[in-house]
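Here the structure is laid out as structure tokens; the discussion comes afterwards.
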Amino acid sequence: MLDPKLIRENPDSIRTMLENRRASWPIEEALALDTRRRELLAEAESLKAMRNEGSRKVAALKKEDPEKARLMETLREAGVRVKALDAELAKVEERFEELLLQLPNMPHPSVPVGVDENDNPEIRRWGTPPSFPFPPRPHWEIGEALGIMDFDRGAKLAQARFTVLRKAGALLERALINFMLDLHTREHGYEEVAPPFMVNSATMRGTGQLPKFAEELYRCEGDDLWMIPTAEVPLTNLRAGEILKEEELPLYLTAYTPCFRREAGSYGRDVRGMLRQHQFDKVEMVKIVHPDSSYDELEKLTSNAERVLQILGLPYRVICLCTGDMGFASSKTYDIEVWLPSQGKYREISSCSNCEDFQARRMNTRFRSKDTGKIRFVHTLNGSGIAIGRCLIAILENYQREDGSVKVPEPLVPYMGGLEEIA
RNA sequence: GGAGAGAUGGCCGAGUGGUCGAAGGCGGUCGACUCGAAAUCGACUAGGUGGUCUUGAAGCCGCCUCGUGGGUUCAAAUCCCACUCUCUCCGCCA
């Protein structure tokens with residue numbers, strides 16, 4: 001959520017933002033609602049002030065004073081009018097709020113203006129894509145041949161886009177989770193959290209999934225609960241509604257969770273294999289920080305995610321999402337893309353964003369400044385650290401050998417109970 | 001699922017119709033004392049929002065908020081209704 005004052009005082013900045021994001025939003029309606037809201041507020045408040053003062057007089061007047069009955073009648077009439085004004089005000093505010101919740105975040109000035117993924121500049125590359133003396137196979141062929149991935153039975157148990165991992169495949173999944181959590185908690189200073197995998201509507205609203213993206217979520221019938229599409233949701237909302245002490249900042253949180261996404265609108269894309277699943281595992285990193293340091297923290301966060309790939313020896317590149325390709329809640333996003341030999345290209349494996357105070361406003365998470373005593377919104381960041389399923393795919397493809405076996409990256413061997421190859 | 005108890009400021013806790021945005025305590029900030037600290041003493045210390053003034057901040061005026069939403073009343077933390085959550089006991093259960 002953006003500051004309503006910004007819309008009122010600088011509507012052109014909103015218009016530019018919407019254009020750059022290729023988004024539409026009824027700004028004229030919002031401005032009219034804001035004006036009407038303030039008119040109604042002024043009128044209702046002055047009436048209430050009058051009534052409050054009158055009530056104080058009533059209390060002071062003697063019971064038999066004829067003035068008392070007259071005054072009470074006047075105030076009763078004022079009360080009727082106040083009720084009508086409040087009712088209209090509530091309607092106007094409800095609509096205004098609804099609109100505010102649909103307005104995307106303002107991109108940082110350093111974000112390149114662009115239309116789609118073709119306009120995302122590459123920031124840096126790490127590693128060299130491996131060359132194979134044979135045509136590299138896609139992960140689903142490798143996985144099925146090794147008996148560690150079972151797509152048919154995943155579909156039988158649930159639906160398409162669900163996969164069963166078995167034996168060394170299931171073990172590799174677990175090894176990756178533990179490896180990443182250990183790295184972030186022991187070397188990068190994150191606190192490990194085990195959050196709920198289902199959250200309520202208010203929590204979903206806090207990070208921006210609701211109300212706009214409900215069709216992307218799985219919901220539990222009969223309860224106000226939704227399956228989380230990412231651990232960003234519970235981690236970021238952990239301190240919702242709280243006023244933090246400045247000394248508590250920055251908070252670094254990490255969690256492993258499964259993620260549940262309906263993938264509505266992605267029909268026909270990445271249908272084979274487990275690149276795009278309805279349920280996938282992810283280790284997520286979230287930061288809750290002082291507004292002055294959030295862009296330094298974004299760089300550090302991104303490098304924390306890169307470190308995972310470096311240790312695993314997986315080639316990647318970092319791109320900066322342009323205005324037309326950015327997520328709804330983000331001010332600036334770096335995507336990390338890992339090399340997939342079977343596709344001969346880099347594919348997203350992590351997304352690191354600074355949401356500035358966009359989520360903090362929705363969640364109402366603030367801190368009290370030590371110097372001034374004033375209360376300000378925190379900044380929130382999130383980044384995959386990293387997507388487990390896609391990392392597993394990348395390992396299978398980059399470490400595959402001609403005989404169909406897969407070498408286990410050395411740092412992972414201890415997490416695999418000493419297993420050095422999957423054969 | 002059944003029965004009961006509860007929800008008040010950063011925390012604890014008092015408050016059954018007006019003098020209450022709220023006693024008292026803790027915590028915090030500032031000041032006095034001190035070479036410094038502790039102890040002691042004093043002052044200040046909820047959030048949101050509209051207006052006004054201002055380059056801005058501060059200030060000033062007002063409105064709202066005592067779990068949430070309604071209702072009664074000139075007036076609600078206080079009375080009524082519904083809901084949510086927490087705790088205790090019973091049932092069920094990994």
Side-chain angles (χ1 to χ4, degrees), chain A residues 1-10 30-101 194 196-206 210 220-226 234 237-249 251 288 291-292 357 360-378:
Chain A
M1 180 152 61
L2 295 176
D3 188 348
K5 279 200 196 102
L6 180 66
I7 300 161
R8 178 154 81 228
E9 288 163 10
N10 195 352
L31 287 169
L33 285 167
D34 187 43
T35 305
R36 183 68 186 136
R37 183 180 71 87
R38 282 152 67 226
E39 283 168 6
L40 286 166
L41 205 52
E43 192 182 346
E45 282 189 359
S46 66
L47 256 180
K48 285 178 189 173
M50 187 271 272
R51 187 185 60 181
N52 288 344
E53 200 196 330
S55 287
R56 259 172 262 132
K57 271 191 210 144
V58 167
L61 287 171
K62 294 246 189 315
K63 201 187 214 164
E64 59 280 7
D65 192 329
E67 180 59 26
K68 184 162 182 160
R70 269 200 301 275
L71 185 52
M72 279 168 68
E73 178 54 21
T74 309
L75 294 177
R76 199 191 58 75
E77 282 160 13
V80 172
R81 175 88 182 120
V82 162
K83 198 172 260 186
L85 286 169
D86 276 350
E88 190 185 347
L89 183 62
K91 254 191 222 157
V92 168
E93 285 191 323
E94 190 190 350
R95 175 65 183 152
F96 187 60
E97 176 86 1
E98 189 184 318
L99 289 183
L100 274 183
L101 288 172
F197 299 162
M198 298 177 187
V199 299
N200 59 33
S201 298
T203 302
M204 284 293 185
R205 201 174 308 117
L210 291 180
C220 304
E221 195 173 340
D223 289 291
D224 179 30
L225 287 172
W226 307 73
N237 277 284
L238 199 59
R239 310 302 294 270
E242 299 186 29
I243 300 174
L244 308 179
K245 295 193 174 101
E246 186 172 348
E247 307 88 274
E248 289 183 81
L249 302 177
L251 289 169
I288 297 174
D292 293 348
D357 66 4
R361 283 179 187 280
R362 290 172 161 250
M363 303 187 297
N364 202 21
T365 302
R366 296 166 293 172
F367 73 99
R368 193 182 295 277
S369 164
K370 189 118 178 76
D371 303 330
T372 64
K374 290 199 61 159
I375 289 170
R376 299 175 63 185
F377 287 108
V378 298

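Convention: sequence-line order gives letters A, B, ...; per-chain numbering from 1.
Rounding to the nearest 0.5 Å gives a distance of 11.0 Å between CG of Asp292(A) and CG of Leu249(A). Rounded to the nearest 0.5 angstrom, Ile288(A) CD1 and Met363(A) CE are separated by 6.0 Å.
Annotation: side chain to side chain donor-acceptor pair (under 3.5 Å) contacts of Arg205(A) (sequence neighbours excluded): none. Residues forming a side chain to side chain contact (heavy atoms under 4.5 Å, CB included) with Lys91(A) (at least two apart in sequence, or on another chain): none. With sequence neighbours excluded, the residues that form a side chain to side chain donor-acceptor pair (under 3.5 Å) with Asn364(A) are Arg366(A). Partners of Glu246(A) by side chain to side chain contact (heavy atoms under 4.5 Å, CB included), not counting sequence neighbours, listed by chain and number: His290(A), Phe367(A), Ser369(A), Lys370(A). Here Asn52(A) pairs with nothing under the side chain to side chain donor-acceptor pair (under 3.5 Å) rule; sequence neighbours left out. Under the side chain to side chain contact (heavy atoms under 4.5 Å, CB included) criterion, Thr35(A) pairs with Glu39(A), sequence neighbours left out. Residues passing the side chain to side chain donor-acceptor pair (under 3.5 Å) test with Lys48(A), sequence neighbours excluded: Asp86(A). For Glu93(A), the side chain to side chain contact (heavy atoms under 4.5 Å, CB included) test picks out Arg37(A), Leu89(A), with sequence neighbours left out.
For the C1' atoms, the distance linking G67(B) with U84(B) amounts to 8 Å, nearest Å. Rounded to a whole angstrom, the distance from the C1' atom of G18(B) to that of A77(B) is 13 Å. Nucleotides A23(B) and C12(B) place their C1' atoms 14 Å apart, quoted to the nearest Å. Of the C1' atoms belonging to G59(B) and C53(B), the separation is 9 Å, rounded to the nearest Å. G17(B) and A43(B) are spaced 34 Å apart, taking the C1' atom of each and rounding to whole Å. The same atom, P, is picked in U29(B) and in A39(B); the two are 13 Å apart, to the nearest Å. Only the P atoms considered, G10(B) is 13 Å distant from U68(B), to the nearest whole Å. A gap of 9 Å separates the C1' atoms of U16(B) and C79(B), to the nearest Å.
Near RNA chain B, meaning a heavy atom under 4.0 Å from it, residues 43-54 of chain A has Glu45(A), Lys48(A), Ala49(A), Arg51(A), Asn52(A) in order of number.
Across all strands shown, Arg366(A) has heavy atoms under 4.0 Å from sugar-phosphate atoms exclusively, and none from any base. Across all strands, Leu41(A) comes closer than 4.0 Å only to sugar-phosphate atoms, never to a base (heavy-atom distances).
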Exercise. Reading RNA chain B 5' to 3', how would its secondary structure be written in dot-bracket notation, given Watson-Crick and G-U pairs with both distances under 3.5 Å, brackets [ ] for crossing pairs and | for partners on other strands?
Worked result: ((((((((.[[[..)..(.....]]]((((((.......))))))(((((((......))))))).[[[[[..)....]]]]])))))))....
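Mapped onto RNA chain B by nearest heavy atom, Ile375(A) and Lys68(A) fall at different nucleotides, with Lys68(A) at the one closer to the 5' end. Residues Ala42(A) and Lys83(A) each lie close to RNA chain B; by heavy-atom proximity, the contact nearer the 5' end of the strand is made by Ala42(A).
With a 6.0 Å radius and a threshold of 12 heavy atoms from other residues, nucleotides or ligands, Glu67(A) has its CD atom above the threshold.
Interface limits on RNA chain B: the 5'-most and 3'-most nucleotides within less than 4.0 Å of chain A heavy atoms are G18(B) to A75(B).
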Which donor-acceptor pairs under 3.5 Å do side chains of residues 75-82 of chain A form with protein atoms, sequence neighbours excluded?
{"residue": "Arg76(A)", "atom": "NE", "partner": "Glu73(A)", "partner atom": "OE1", "Å": "3.3"}
{"residue": "Arg76(A)", "atom": "NH2", "partner": "Glu73(A)", "partner atom": "OE2", "Å": "3.2"}
{"residue": "Arg81(A)", "atom": "NH2", "partner": "Glu43(A)", "partner atom": "OE2", "Å": "2.7"}

